[in-house]
Amino acid sequence: MPAAAEDVILAFGDSLTAGYGLPVEEGFVPQLEGWLRENGAEVEVINGGVSGDTTAMGRQRLAWALGDAPDLVILELGANDMLRGMDPAAAQENLAAMIEEIEDAGARVLLVGVRAASNYGAGYRTAFEGMFPELAEEYGLTLYENWFSAVEGEDLNAARAAFIQSDGLHPNAEGVERIVDDLGPVVLEELDALDAPAG
């Protein structure tokens, strides 16, 4: 029997995807690829994360990143729009354009959301956090609602001390491991969907 063909996953996002502040091997992409392989998936995960990227920046470079012909794209952008107080409507428009571009390239999209900081007020938070489920519903996507859900315990201060780097923004290696353990099964389901017969 010939070796099974690898599925190519493009992890496309900002510093959370890129592995900011961590040795390369402890970042999100290497940890996710290792987890998926340990769980039986023949995959290559490409790091398409760029620290500081907003949705507009990601939209500008997406075509180049899709040159790797991924089967699945994990789309994680929006946190920097939120940190800069940018209009959620513009971020939603950018994400929608990227989803369409990815699907036009023949890849499946797994959308990853993030929470808004409380200092922008309830209206901003509602608009920002609401764009992710709205997009998922509009395009029929699987949504992983909150990148940080696996590292947010009941005691947020304790969780931050254990799983977040000293900058208060980025997960440490153990935090990434917890995120991968939680997100990994969702990615496996998306890979299974790639192989499911049409119809």
Side-chain angles (χ1 to χ4, degrees), residues 1-51 58 62 65-79 95 98-99 102-103 105-115 132-133 135-136 139-154 159-160 162-165 170-199:
M1 293 285 291
E6 287 188 337
D7 286 317
V8 176
I9 299 174
L10 171 64
F12 191 78
D14 50 37
S15 55
L16 300 174
T17 292
Y20 177 86
L22 297 172
V24 171
E25 67 276 6
E26 294 180 354
F28 170 71
V29 168
Q31 288 207 47
L32 178 63
E33 183 176 278
W35 189 97
L36 292 170
R37 288 181 175 274
E38 288 173 7
N39 285 274
E42 294 290 332
V43 294
E44 176 190 5
V45 185
I46 297 170
N47 193 338
V50 173
S51 295
L62 178 60
L66 290 173
D68 289 309
D71 302 290
L72 171 66
V73 177
I74 301 171
L75 181 58
E76 174 275 309
L77 280 169
L95 286 168
M98 285 186 277
I99 290 165
I102 292 165
E103 292 186 336
R108 190 174 177 90
V109 182
L110 170 57
L111 183 62
V112 178
V114 289
R115 300 285 188 236
F132 297 105
L135 288 164
Y139 291 99
L141 309 178
T142 298
L143 172 64
Y144 186 78
E145 291 188 7
N146 177 16
W147 175 271
F148 289 101
S149 59
V151 294
E152 292 180 348
E154 291 185 11
R160 280 182 174 273
F163 304 122
I164 303 297
Q165 296 179 44
H170 299 92
N172 60 24
E174 188 175 352
V176 173
E177 182 178 354
R178 288 175 70 94
I179 291 167
V180 166
D181 283 344
D182 195 57
L183 180 59
V186 182
V187 177
L188 282 180
E189 290 179 2
E190 293 298 289
L191 293 174
D192 287 342
L194 288 172
D195 298 329

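- Val50 pairs by the side-chain contact (heavy atoms from CB on, under 4.5 Å) definition with Asp53, Arg61, not counting sequence neighbours.
- Listed by first and then second residue, the side-chain hydrogen bond (donor to acceptor under 3.5 Å, both in side chains) pairs that reach into residues 16-30 are Thr17-Glu76, sequence neighbours excluded.
- Asn172 contributes no side-chain N or O that, together with a main-chain N or O of Gln165, makes up a donor-acceptor pair within less than 3.5 Å.
- Glu103 meets the side-chain contact (heavy atoms from CB on, under 4.5 Å) test with Ile99, Val109, Tyr139, Leu141; sequence neighbours excluded.
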Apply side chain to side chain contact (heavy atoms under 4.5 Å, CB included) to residues Asn47 and Val24 and explain how you reach the verdict.
CA-CA 10 Å; Asn47 193 338; Val24 171; over 6 Å; no
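- Going from atom CD1 of Ile102 over to atom CG of Leu95 covers 9.0 Å, rounded to the nearest 0.5 Å.
- When side chains are defined from C-beta on, Val180 counts as touching Phe28, because their heavy atoms get closer than 4.5 Å.
- Contact check for Ile46 versus Pro70: no side-chain heavy atoms found under the 4.5 Å cut-off.
- Closest approach of Leu22 to Gly27, counting heavy atoms only: CD1-CA, 4.1 Å.
- The ring pair (Phe, Tyr, Trp, His ring centres under 6.0 Å) check on Phe132 picks up Phe128, with sequence neighbours excluded.
- With rounding to the nearest 0.5 angstrom, the CG atom of Leu191 is 8.5 Å from the CG atom of Asp71.
- Rounding to the nearest 0.5 angstrom, the gap separating the CG atom in Leu143 from the CG atom in Leu135 is 9.0 Å.
- Asn146 places a side-chain N or O within donor-acceptor distance of the main-chain N or O of Phe148, the cut-off being under 3.5 Å.
- In this structure Glu190 satisfies the salt bridge (Lys or Arg N to Asp or Glu O under 4.0 Å) test together with Arg108, sequence neighbours excluded.
- At least one side-chain heavy atom of Met98 sits less than 4.5 Å from a side-chain heavy atom of Leu75.
- Taking the side chain as every heavy atom from C-beta outward, Ser15 and His170 approach each other to under 4.5 Å.
- Taking CG of Leu111 as the start and OG1 of Thr142 as the end, the distance is 9.5 Å to the nearest 0.5 Å.
- Of the listed residues (Leu188, Val43, Leu183), just one forms a side-chain contact (heavy atoms from CB on, under 4.5 Å) with Trp35, and that residue is Leu188.
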Evaluate side chain to side chain contact (heavy atoms under 4.5 Å, CB included) for Val73 paired with Leu66, printing each intermediate quantity in order.
CA-CA 9 Å; Val73 177; Leu66 290 173; 4.2 Å; yes
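- The closest donor-acceptor contact from the side chain of Glu44 to the backbone of Val8 lies at 3.5 Å or more, if one exists at all.
- Across Val29 and Ala11, no two heavy atoms sit closer than the pair CG2-CB, 3.8 Å.
- Considering every non-hydrogen atom in both Leu77 and Gly58, the closest pair reads CD1-CA, 4.0 Å.
- With hydrogens and angles disregarded, a donor-acceptor distance shorter than 3.5 Å links the side chain of Gln31 to the backbone of Ala173.
- Asp182 pairs by the side-chain contact (heavy atoms from CB on, under 4.5 Å) definition with Tyr144, Ser149, Ala150, not counting sequence neighbours.
- With sequence neighbours excluded, the residues forming a side-chain contact (heavy atoms from CB on, under 4.5 Å) with Ala65 are Leu10, Phe12, listed by chain and number.
- Under the 4.5 Å side-chain criterion, counting only non-hydrogen atoms from C-beta, Pro171 is in contact with Val176.
- Scored by the side chain to side chain donor-acceptor pair (under 3.5 Å) test, Asn39 finds no partners at all (sequence neighbours excluded).
- Take Trp147 and apply the side chain to side chain donor-acceptor pair (under 3.5 Å) test, not counting sequence neighbours, and it matches no residue.
- A salt bridge between Arg37 and Glu6 is present, with a side-chain N of the basic residue lying under 4.0 Å from a carboxylate O of the acidic one.
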